[in-house]
Amino acid sequence: MDFDTLKQILDLVRQHDLSEFEIEHEGLRLKIRKGAGAAPSSLDTTPQSATPGTPSGPAPASSLSTVENGDEAVELAVVKSPIVGTFYRSPEPEAAPFVDIGTVVKKGQVLCIIEAMKLMNEIDSEYDGEIVNVYVETGQPVQYGERLFAIRTA
């Protein structure tokens, strides 16, 4: 799904004032939800049959998705790479990582560093919650839109 197609879908959702829209196409599931309790036009671009580490194409820096666990629904925020570069979990090679699975984070807290063109870019959390998954290891290259962390939102 290219950017123009995504833009057309978002325009149709706005034009028809839809509160929720979901489509699955070529292994990519796009879910758009707006209204109470959700960020306007929050996106869940989760590849259905992709291998781990495969980028899902152009995507926002983070997205919200709801995972149903028995009787309760858990909302996960997926933090995605806003740039292409090299992923680092800690500020120095021998230092402890900024966050691990189970770490409780606050909005604005540094999650990792992505080095791009010899510049170190701190990636901050856009959500309060708990880290439930780390998708990338230190030193790995990351693409724009690639999943970095999953956060169980508070």
Side-chain angles (χ1 to χ4, degrees), residues 1-3 5-7 9-11 13-14 17-24 28-48 50 52-69 72-92 95-154:
M1 184 175 298
D2 63 4
F3 181 73
T5 305
L6 182 59
K7 188 174 183 320
I9 291 170
L10 289 173
D11 288 342
V13 168
R14 283 188 205 108
D17 198 27
L18 299 176
S19 60
E20 190 168 327
F21 177 82
E22 186 171 352
I23 186 172
E24 189 170 330
L28 176 73
R29 189 177 98 217
L30 173 67
K31 186 174 188 178
I32 301 168
R33 184 181 335 152
K34 63 181 182 178
S41 298
S42 60
L43 299 177
D44 175 14
T45 52
T46 310
Q48 298 300 309
T54 301
S56 60
S62 63
S63 65
L64 294 176
S65 61
T66 303
V67 177
E68 295 196 16
N69 185 9
E72 63 184 56
V74 178
E75 194 164 279
L76 296 180
V78 178
V79 178
K80 297 181 180 182
S81 178
I83 57 176
V84 174
T86 304
F87 176 87
Y88 296 102
R89 291 187 61 191
S90 59
E92 297 177 2
F98 289 108
V99 296
D100 275 317
I101 294 175
T103 302
V104 175
V105 296
K106 297 287 183 193
K107 185 175 183 174
Q109 182 176 339
V110 176
L111 300 174
C112 65
I113 293 175
I114 297 180
E115 178 186 3
M117 298 179 64
K118 303 294 181 194
L119 294 174
M120 299 298 183
N121 301 281
E122 292 182 341
I123 308 303
D124 299 334
S125 176
E126 294 181 20
Y127 304 96
D128 292 337
E130 177 184 355
I131 302 291
V132 294
N133 201 353
V134 180
Y135 296 105
V136 186
E137 289 301 319
T138 292
Q140 285 186 323
V142 292
Q143 298 297 316
Y144 172 79
E146 185 171 342
R147 298 178 304 173
L148 303 175
F149 301 94
I151 299 173
R152 181 180 302 120
T153 56

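This one's a predicted model, so the numbers in the text were calculated from it and none came from an experiment. Note that the numbering runs from 1 along the sequence shown for the chain.
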When rounded to the nearest 0.5 Å, the distance separating CD1 of I114 from CD1 of I123 is 4.0 Å
Check: Taking the side chain as C-beta and beyond, is there a heavy-atom pair between N121 and I83 under 4.5 Å?
Finding: yes
Y88 and T138 have their tightest heavy-atom pair at CD2-CG2, 3.8 Å
In this structure, OH of Y135 is separated from CG of L148 (nearest 0.5 Å) by 10.0 Å
Applied to residues 102-117, the salt bridge (Lys or Arg N to Asp or Glu O under 4.0 Å) test, sequence neighbours excluded, yields none
Separation between CG (N133) and CG (L76), nearest 0.5 Å, reads 9.0 Å
**Prompt:** Quick one: does R89's side chain have a donor or acceptor within less than 3.5 Å of a partner on E137's backbone?
**Reply:** no
Side chain to side chain contact (heavy atoms under 4.5 Å, CB included) filter on E92, not counting sequence neighbours, yields A95
Checking S125 side chain against Q109 main chain: does a donor-acceptor pair fall under 3.5 Å? no
key: V84 side chain near Y144 side chain, heavy-atom distance below 4.5 Å   = yes
Note: V142 and F87 closest approach over all heavy atoms is CG1-CB, 3.8 Å
When rounded to the nearest 0.5 Å, the distance separating CD of E122 from CZ of F98 is 6.0 Å
Shortest non-hydrogen pair, P141 vs E146, comes out as O-OE1, 4.1 Å
Residues V110 and D124: closest non-hydrogen pair is CG2-OD1, 3.4 Å
Closest heavy-atom pair, I113 versus S90, reported as atoms and distance to 0.1 Å, is CD1-O, 4.3 Å
Requested in this report: Kindly indicate whether the side chain of I101, heavy atoms from C-beta on, has any atom under 4.5 Å from the side chain of V134.
Outcome: yes
Contacts of V104 meeting side chain to side chain contact (heavy atoms under 4.5 Å, CB included) (sequence neighbours excluded), chain-then-number -> none
Here the pair of heavy atoms bringing Q143 nearest to S81 is O-CB, 3.4 Å
